[in-house]
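Worksheet: the structure to be examined is printed underneath.
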Amino acid sequence: MSTPAHDMGRKDASFEREPARRVFASELRECRYQFKDGEDEKSPTFVLLPTGERCNRIFIVGTLTEKQRQGDQNMFYRGRVVDPTGTFFIMAGSYQPEAMQQLAKIETPAFVAVIGKPSVYRKDEASSPMVSVRVESINIVDKDTRDLWVLDTAERTLDRIEAFAVGTAPDVLKAKEQYPTIDPVTFKKIAYDALAQIKI
Amino acid sequence: MDFSEAADRISRKFQKSGQTIDPKKIEGKLRRLIEEFSVQPSEAERSVTNELAKEFNIPSMGTGSAGSSGTGSSGTEDKKIADAAPGEWVTIEGKIVALAAPASPSIAQGGIIADDSGAIRFVAWAKANAPAMAVGSWYRIESAVVDEFKGIASLKIHSGTTIKEIEEDRALMPTTVPISELHPGIGSLRAKVVQEWDVTHERMLQSGLLGDETGTLKFVIWKEPGKESLIPGSVYNIFYAQVDEYNGRLSLNLNTAMIMQEEGDIEVSGGEAAVSGAIVHVAPGSGIIKRCPVEGCNRALSRQNYCPVHEIQPKFTYDLRIKGWLDNGKKTHSVLLQRDVVESLTGISLDAAKEIAENNPLGMDEVFLQMRDKILGRYFSCHGREIDNRVLVNKCGPVTFESGKHTALLNRAGGAS
C-alpha cells in the first residue's frame with residue numbers, strides 16, 4: 001500500500017531555517033545584487049556574494065567600534081563592526097526591539113557576535129550602493145570567539161572560491177553574470193591576510 | 001420536466017456498487033430539488049447522488065454530471081492489497097491480522113486485513129450488516145471501497161459488499177521493511193527499542209523510540225488488556241503496526257501489531273549526531289522552566305503553573321533547558337540542551353538559577369538573559385541523538401582554537417596565489 005502521493009508533502013512540510021553564512025566584510029561590501037526567491041510577499045530576500053553563494057542571513061564576529069542613535073520618531077541604532085578585512089555596517093530599529101536594546105547596552109569597543117540580514121541599498125540615486133546588516137541578535141563575545149570566526153569564515157570563503165572555480169552551481173553562474181569584474185581569487189588573498197593576523 | 005434520464009443515471013451508478021434503488025424514488029428527490037428549490041439540474045443530480053451515497057455508506061461518488069463519474073469506474077476487479085488505491089472499488093482476498101475496538105457505534109468492526117502484497121486498515125459499517133470476521137481467518141471481500149482519511153488508505157465495507165470466508169488456510173508471512181521506507185498506513189518492521197520515554201498520557205502504556213539500520217521513529221502503545229511494554233534494548237519483529245503521520249513525522253501505533261521478541265542485535269544508525277557551529281538563536285522557553293510534578297507527566301508548565309493536561313500545579317519542580325539553533329554556515333540544527341549540559345555550558349546551576357528566578361525582579365526572564373549572554377554567538381560542539389532535525393544534546397562543549405587547523409587554512413589560502 002505504498003501510494004507515493006502520500007509522502008509528497010512530507011519533505012516539504014519540514015521547514016528549514018536559512019543558515020547564517022560566513023563572509024568577511026571586504027566581500028560583503030562588494031555585493032550589489034539582491035533578489036527574492038519566489039513571488040510571495042513573504043519570500044526571503046537574498047544578497048548574492050561575489051563568490052557565488054546566496055545569503056539571507058549572516059553570522060559575523062568583530063569589534064563594535066562605534067554606535068549611534070538616530071531618528072526621533074523612528075529611533076534606531078547604527079553601528080560599525082570591524083573584522084580583519086574591513087567594516088560591516090549594522091543597524092537595529094524598532095522592528096528589532098530586542099536587538100536594539102542589546103546594541104544600546106553594549107559599550108564600545110567590544111568583541112561582538114552579530115546574527116543579521118544583509119541588504120543592499122542606496123542613500124539616493126546618485127550615491128553608490130551600500131550593504132548594511134539588519135541585526136537579529138547581537139551579543140558580547142571574547143577574542144577566542146573572534147579568532148574561531150576568522151578560521152570558520154576563511155574556511156567557508158575558500159570553499160566558495162573552490163566551488164566557483166568548478167563553476168556549475170546556479171548561484172555561481174549568476175555571480176559570474178552579476179559581478180563580471182570581480183575575480184574571487186582576490187578573496188583568497190584577503191582570507192590569507194585575515195588568518196595571518198591571528199597571533200598564536 | 002423529465003427527470004427519468006438523470007434518475008436512471010444515478011440508479012445505474014449505484015447498481016455498480018451493488019445497490020438497487022428505485023428510480024422513482026430518485027426522480028422524486030430530483031424533482032423536489034429542482035422544482036421546489038430551484039436547484040440547477042446538474043447540481044441536483046450531484047446532491048442526490050451524494051445523499052444516497054451517504055445513506056448507503058459509500059464514499060463520495062463524484063460530481064455525477066452527465067454520468068461522468070471518476071470514481072467507481074474501475075469496477076470490482078480482483079486486486080492485491082498493495083495495489084488498492086483510494087477511490088477504487090475493489091475485490092480482495094486477505095487475512096484478518098488484527099481487530100480493533102470500534103471507535104464509534106456506526107462501526108461494526110475495524111482492523112487490519114493483509115495479503116502477501118501488504119496490509120490495509122478496514123472498517124465495516126454497522127449499517128452494512130456484514131458478517132463478523134475473525135482474526136486469523138481468510139476472507140474474500142467483494143465490492144469494497146478504498147478511501148483515504150488523513151492520507152491513510154482504508155477499506156470500507158458497506159452494505160453492497162459481499163464477504164465470503166475462505167476455508168483453506170494460506171500461508172502468510174509479512175515482509176518487513178526498513179524504517180526509512182515506511183509509509184503511512186500499515187507497516188511491518190524489525191527494530192530495536194532504543195529509548196523509552198516518559199508516558200505523557202494516563203491512557204498510554206509506553207512510548208519511545210524504535211530504530212534500525214536506516215533510522216528511528218517514535219512508537220506508542222496504548223493501555224489495553226493484554227498489552228505489554230517492550231523491553232528497552234531488545235529487538236522485536238513487529239508485524240502490521242499502524243504507521244501514522246503527524247506534522248510530517250511518522251510514528252507507530254503498536255496496539256494492532258503482532259510483536260515478537262527476537263534474539264540478536266541491530267546497529268541503530270541515524271540518531272547519533274555530532275554537530276558544531278555557532279549558537280545563532282536562543283529560543284523563548286529556554287532557561288529555567290517549571291515542570292508538572294504529576295508522576296509520568298513532566299510537561300513544561302506555563303508561567304501561571306498551568307499544565308496542558310493536569311491544569312494548575314502549584315507544587316511544580318524546576319528544570320533547566322536551552323532550545324536554540326546551532327549553525328555551521330551550511331545548515332542550521334535545532335538543538336535541545338538538557339539540564340546538566342546547560343549547567344556545564346553556562347556555569348549556572350539549577351540552584352543558582354532558582355535563586356535568581358525567585359529573588360530577581362525579572363524572575364525567570366533574568367535566567368534566560370544571563371544564559372543567552374553566555375552562549376549566543378559562541379562556538380560549540382554538541383553530541384546527541386538527532387530526531388527530525390532536532391538534536392537532543394547529551395554532551396556539549398566550547399570549540400577551542402586548533403593551531404593545526406589554522407596552519408592548514410593558511411596553506412590552503414596561500415597555496416595557489
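Just so we're on the same page: letters track the sequence lines, and every chain starts at 1.
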Assess whether atom CZ of Arg32(A) is packed by more than 12 heavy atoms of other residues, nucleotides or ligands within 6.0 Å.
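Yes - once you tally the heavy atoms of other residues, nucleotides and ligands closer than 6.0 Å, there are more than 12.
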Can you establish whether the number of heavy atoms outside Asp40(A) located under 6.0 Å from its atom CG is more than 12?
yes
Between Arg17(A) and Val280(B), which heavy-atom pair has the shortest distance, and what is it?
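Nearest heavy atoms, Arg17(A) then Val280(B): NH2-CG2, 3.7 Å.
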So which heavy atom on Asp327(B) is nearest to which on Ala20(A), and how close?
OD2-N, 2.6 Å
Let me know if Glu181(B) has heavy atoms under 4.5 Å from chain A in its side chain, its backbone, both or neither.
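For Glu181(B), no heavy atom lies under 4.5 Å from chain A.
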Between Ser334(B) and chain A, which part of the residue has a heavy atom less than 4.5 Å away: side chain, backbone, both or neither?
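No part of it gets close to chain A.
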Who are the side-chain hydrogen bond (donor to acceptor under 3.5 Å, both in side chains) partners of Gln197(A), not counting sequence neighbours?
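Result, side-chain hydrogen bond (donor to acceptor under 3.5 Å, both in side chains) vs Gln197(A): none returned.
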Of all residues at least two apart in sequence or in a different chain, which pass the side-chain hydrogen bond (donor to acceptor under 3.5 Å, both in side chains) check with Asp142(A)?
Thr145(A), Arg378(B)
Those residues of residues 100-125 of chain A, ordered by number, that approach chain B below 4.5 Å (heavy atom to heavy atom)
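Hits under 4.5 Å: Gln102(A), Ala113(A), Ile115(A).
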Are there residues of residues 151-171 of chain A whose heavy atoms fall under 4.5 Å of chain B's heavy atoms? If so, which?
Leu151(A), Asp152(A), Glu155(A), Arg156(A), Leu158(A), Asp159(A), Glu162(A)
Does any non-hydrogen side-chain atom of [Y] lie less than 4.5 Å from one of [X]?
| X | Y | answer |
| --- | --- | --- |
| Tyr192(A) | Leu409(B) | no |
| Glu18(A) | Thr332(B) | no |
| Asn328(B) | Pro19(A) | no |

Under 4.5 Å from any heavy atom of chain B, what part of Asp144(A) do you find: side chain, backbone, both or neither?
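Contact with chain B is absent: no heavy atom of Asp144(A) under 4.5 Å.
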Leu148(A) versus chain B, the contacting section by heavy-atom distance below 4.5 Å:
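Its backbone and side chain both get close to chain B.
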Check against side-chain contact (heavy atoms from CB on, under 4.5 Å), Glu98(A) and Arg372(B):
CA-CA 12 Å; Glu98(A) 217 176 299; Arg372(B) 188 194 62 183; 2.7 Å; yes
Measuring from atom NZ of Lys143(A) to atom CZ of Phe401(B), what distance do you get when rounded to the nearest 0.5 angstrom?
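That separation rounds to 8.0 Å.
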Between Arg21(A) and Gly329(B), is there a donor-acceptor pair closer than 3.5 Å when you use the side chain of the first and the backbone of the second?
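Yes.
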Any donor and acceptor pair, going by atom type alone, linking the side chain of Asn139(A) with main-chain N or O of Gly377(B) inside 3.5 Å?
no
Which one of Lys80(B), Lys374(B), Lys330(B) has the most heavy-atom pairs closer than 4.5 Å to chain A?
Lys330(B)
